[in-house]
Amino acid sequence: MSEVDGSPEGDAAGSGGDRPGIPYRFEPTTTAAGIVARHSGIADGEETGVVVTVAGRLMLRRDQGRLAFGDLQDSTGRVQLFAMQKSTTDFEGFTGLHLGDWIGVTGEVIRTRRGELSVRVDSWVRLAEARRSFPDKWHGITDVDVRYRQRYVDLWVSDGARETFVARSRIFSATRRWLEERGFLEVETPVFHPIPGGALARPFTTHHNALDLELYLRIAPELYLKRLTVGGFERVFEIARVFRNEGISPRHNPEFTMLELYQAYADYSDIMVLVEELVAHLAMDLHGTTKLSYDGRELDLSVPWRRATMLELLEEHGGIVVDLDTDMDMLVGLCTERGIPVEDHYGPGKLILELYEKLAEPELWGPVFVTDYPKEVSPLSRDHREHPGWVERFEGIVAGRELCNAFTELVDPDEQRARFEAQEVGKAAGDAEAMVIDEDYLRALEYGLPPTGGLGIGMDRLVMLLTGTTTIRDVILFPTLRPEQ
RNA sequence: GCGCCUCUAGCUCAAUUGGCAGAGCAUCGGACUCUUAAUCCGCAGGUUCUGGGUUCAAGUCCCAGGGGGCGCACCA
């Protein structure tokens with residue numbers, strides 16, 4: 001960092017162009033945080049002799065006759081500006097700046113008599129005009145609608161908004177690094193799917209004119225990623241924007257980001273270890289600890305996480321002992337007693353899942369891996385090696401929310417075809433989210449998919465967890481909203 | 001999609017039982033040589049979300065619509 005000899009003016013202002021007085025480029029020599037880091041040790045009233053150039057937004061100004069103080073904010077933080085009529089060029093113009101104006105300032109780093117580290121403004125240039133008034137400097141924006149629609153303002157005035165998105169970026173890059181260190185290859189697969197697959201969800205549709213083809217925005221990258229495992233990429237991942245045509249809530253946005261990965265030769269137990277280690281690593285990277293607080297409750301992400309089967313949790317929290325061979329009338333009765341609507345096509349597996357989701361899942365805080373799901377509700381998971389009718393699948397529940405879904409992948413093409421066909425029966429019965437047969441995927445399986453463990457993590461929820469935010473809109477820069485007017 | 005709540009100046013909020021729409025901040029004008037949401041004086045700022053209705057009189061009550069929030073449903 002060469003703060004002493006920076007170019008103080010950037011490009012000269014006042015030339016021609018479309019906005020006279022606004023330069024075409026500017027070159028700061030340091031940042032607000034850089035100044036604080038380097039000069040915080042000086043005494044009150046002391047001058048450093050170091051001249052710096054900084055740029056940012058003027059967020060506050062306190063005029064004091066022939067003196068003026070201002071708070072300059074950039075992407076790293078804030079630093080005070082100290083202007084004097086006798087030494088600041090165009091002092092009157094400086095005191096006429098609007099809150100929210102972007103400015104570049106050159107001057108010596110000093111500490112005022114009253115003890116505030118400052119840049120004494122020798123020269124300055126306006127870099128952008130804030131034609132619209134910034135929100136109340138004390139209260140900021142409280143209307144969340146305005147925060148989401150005008151994120152460009154929110155990022156400046158809402159405490160923590162910028163930090164949350166910086167944290168998001170850091171979580172993503174740390175995740176990539178961690179996976180790459182373990183031999184995973186990042187890939188990109190199509191967003192347009194001729195057949196929506198890989199999850200049980202309603203897709204968005206679109207149309208390609210030249211091909212005159214109906215296409216679906218992907219609901220999951222899963223089936224393409226497993227094709228790549230067939231193709232010999234033994235460890236792949238994709239950080240995939242996916243789209244699901246469903247309601248909006250504090251935990252749901254129609255477009256969201258999922259991390260999916262597939263690891264050849266692994267099973268779901270290996271994936272559990274991977275998940276807990278990854279999440280604990282991210283917590284350490286971001287906070288230096290695995291002991292977090294979320295929504296007012298303690299959360300300890302240190303490994304290992306608890307593992308418990310769905311049936312065990314149903315007994316623990318619901319007080320009921322059932323299995324797939326439990327009498328159907330009894331299962332239906334247990335559901336209806338508890339106000340769970342039952343449809344005709346539900347089999348025992350679906351009924352048990354409903355009971356679990358109603359009785360046990362809301363009681364879970366986690367972290368806990370809920371293992372072993374009914375085959376009936378898991379069309380892409382491999383049969384459990386010991387328990388017929390069940391599959392090797394788990395969900396990770398952390399802070400009371402589903403964070404991930406993973407399984408030992410189904411590798412048998414014949415069994416996969418049978419699962420797809422069972423889904424088509426549901427589709428015909430009116431289940432809009434049921435899967436349809438993907439012949440090319442079956443063809444890929446016929447070339448041979450090795451034993452593989454797969455994982456999907458909701459990255460937005462992971463960011464919520466690690467940043468302590470309770471609504472998904474706070475971790476998505478531009479969440480889906482109705483258009484204005 | 002259904003239910004509940006909400007919408008007043010650029011921002012944050014007031015407005016008694018239905019009785020002249022107000023304040024702070026920001027903006028604009030003025031004062032002030034060490035401020036920290038600076039302070040002080042002054043000016044200006046409004047389709048009270050929209051459209052109907054009741055009433056002598058509606059920000060306030062009723063109906064419809066719109067935006068947003070929360071819950072349910074669906075899902076990650």
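Values below: every heavy atom of this structure, side chains too, minus hydrogens, waters and symmetry copies. Order of the sequence lines fixes the chain letters, A, B, ..., with proteins taken first and strands second; residue numbering starts at 1 for each chain.
Within the 4.0 angstrom heavy-atom criterion, no nucleotide atom of any strand lies near A/Asp44. Among the heavy atoms of the strands lying under 4.0 Å from A/Arg149 are primed sugar atoms or P, OP1, OP2 only; no base atom is included. Nucleic acid contact class of A/Gly456 (heavy atoms, under 4.0 Å, all strands): none. As judged by a 4.0 angstrom heavy-atom cut-off over every strand, A/Arg147 is placed among residues making no nucleic acid contact. Among the heavy atoms of the strands lying under 4.0 Å from A/Arg113 is at least one base atom, whether or not backbone atoms are also near.
Checking side-chain atoms of A/Asn253 against main-chain N and O of A/Phe256 turns up no donor-acceptor pair under 3.5 Å. A donor-acceptor pair under 3.5 Å is absent between the side-chain atoms of A/Arg251 and the main chain of A/Glu402, judged by distance alone.
For the pair A/Arg482 CZ and B/U6 P, the computed distance is 19 Å after rounding to whole Å. To the nearest angstrom, P of B/C25 lies 18 Å from CE of A/Met59. Rounded to whole Å, the distance from CG on A/Leu481 to P on B/G66 is 17 Å. Remark: P of B/G30 and CD of A/Glu92 are 11 Å apart, rounded to the nearest angstrom. Spacing between atom CD1 of A/Ile141 and atom P of B/C7 amounts to 18 Å, rounded to whole angstrom units. Spacing between atom CG of A/Leu99 and atom C1' of B/C28 amounts to 13 Å, rounded to whole angstrom units. Computed from coordinates, the A/Phe82 CZ to B/U33 C1' distance equals 8 Å when rounded to whole Å. We find that CG of A/Leu58 is positioned 13 Å from C1' of B/A26, with the value rounded to whole Å.
With A/Phe82 as the aromatic partner, A/Arg120 does not meet the cation-pi criteria of under 6.0 angstrom to the ring centre and within 45 degrees of the ring axis. Annotation: cation-pi geometry not satisfied between A/Arg168 and A/Phe165 (NZ/CZ under 6.0 angstrom from ring centroid, within 45° of ring axis).
Taking atom P on both nucleotides, B/U12 is separated from B/G69 by 15 Å, rounded to a whole Å. Comparing B/A37 with B/C32, their P atoms sit 24 Å apart, to the nearest whole Å. The P atoms of B/G67 and B/A21 are separated by 30 Å, rounded to the nearest whole Å. For the C1' atoms, the distance linking B/U36 with B/C72 amounts to 48 Å, nearest Å. When the C1' atom is used for both B/U8 and B/G3, the distance is 27 Å, rounded to whole Å. Rounded to the nearest Å, the gap between the P atom of B/A57 and that of B/G18 is 16 Å. Annotation: B/U60 and B/A15 have their C1' atoms spaced 10 Å apart (nearest Å). The gap from the P atom of B/G52 to that of B/G10 amounts to 23 Å, rounded to the nearest Å.
Along RNA chain B, the nucleotide nearest A/Tyr148 and the nucleotide nearest A/Pro135 are compared for position; the residue whose nucleotide lies closer to the 5' end is A/Pro135. Closest-nucleotide positions on RNA chain B for A/Arg244 and A/Thr471 were compared, and the one nearer the 5' end corresponds to A/Thr471.
A 3.5 Å limit on both hydrogen-bonding distances identifies no Watson-Crick or G-U partner for B/A37. Partner assigned to B/U48 is none, using Watson-Crick or G-U wobble distances below 3.5 angstrom. For B/G24, the paired base is B/C11 (Watson-Crick or G-U wobble, both distances below 3.5 Å). Base pairing of B/C2 is made with B/G71, judged by Watson-Crick or G-U wobble geometry with both donor-acceptor distances under 3.5 Å.
Using a cutoff of 4.0 Å between basic side-chain nitrogens and carboxylate oxygens, A/Arg227 and A/Asp438 are scored as salt-bridged. With respect to A/Arg382 and A/Glu409, no salt bridge is recorded, no charged nitrogen being found less than 4.0 Å from a carboxylate O. Between A/Arg306 and A/Glu316 a salt bridge is recorded (basic side-chain N to carboxylate O distance below 4.0 Å).
A donor-acceptor pair shorter than 3.5 Å can be found between the side chains of A/Asp474 and A/Tyr148.
Contact check, A/His98 against B/G10: no side-chain N or O comes under 4.0 Å of OP1 or OP2. Between A/Arg132 and B/G10 there is no side-chain polar atom (N or O) within less than 4.0 angstrom of OP1 or OP2. Regarding contacts with the backbone of B/C13, a side-chain N or O of A/Thr142 is found under 4.0 angstrom from either OP1 or OP2. Under 4.0 angstrom from either OP1 or OP2 of B/C11 there lies no side-chain N or O belonging to A/Ser133.
Ring pair A/Phe243/A/Phe204 is perpendicular by interplanar angle, where above 60° counts as perpendicular and below 30° as parallel.
Contact check for A/Phe407 versus A/Ser378: no side-chain heavy atoms found under the 4.5 Å cut-off.
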Grab the N/O contacts between the protein and nucleotides 36-43 of chain B below 3.5 Å, and write none if there aren't any.
{"residue": "B/U36", "atom": "O4'", "partner": "A/Arg62", "partner atom": "NE", "Å": "3.2"}
{"residue": "B/U36", "atom": "O2", "partner": "A/Glu116", "partner atom": "OE1", "Å": "3.4"}
{"residue": "B/U36", "atom": "N3", "partner": "A/Glu116", "partner atom": "OE1", "Å": "3.2"}
{"residue": "B/U36", "atom": "O4", "partner": "A/Arg114", "partner atom": "O", "Å": "3.4"}
{"residue": "B/A38", "atom": "OP1", "partner": "A/Lys137", "partner atom": "NZ", "Å": "2.6"}
{"residue": "B/A38", "atom": "OP2", "partner": "A/Arg62", "partner atom": "NH1", "Å": "3.0"}
{"residue": "B/A38", "atom": "N7", "partner": "A/Asp63", "partner atom": "O", "Å": "2.9"}
{"residue": "B/A38", "atom": "N6", "partner": "A/Asp63", "partner atom": "O", "Å": "2.7"}
{"residue": "B/A38", "atom": "N1", "partner": "A/Gln64", "partner atom": "OE1", "Å": "3.4"}

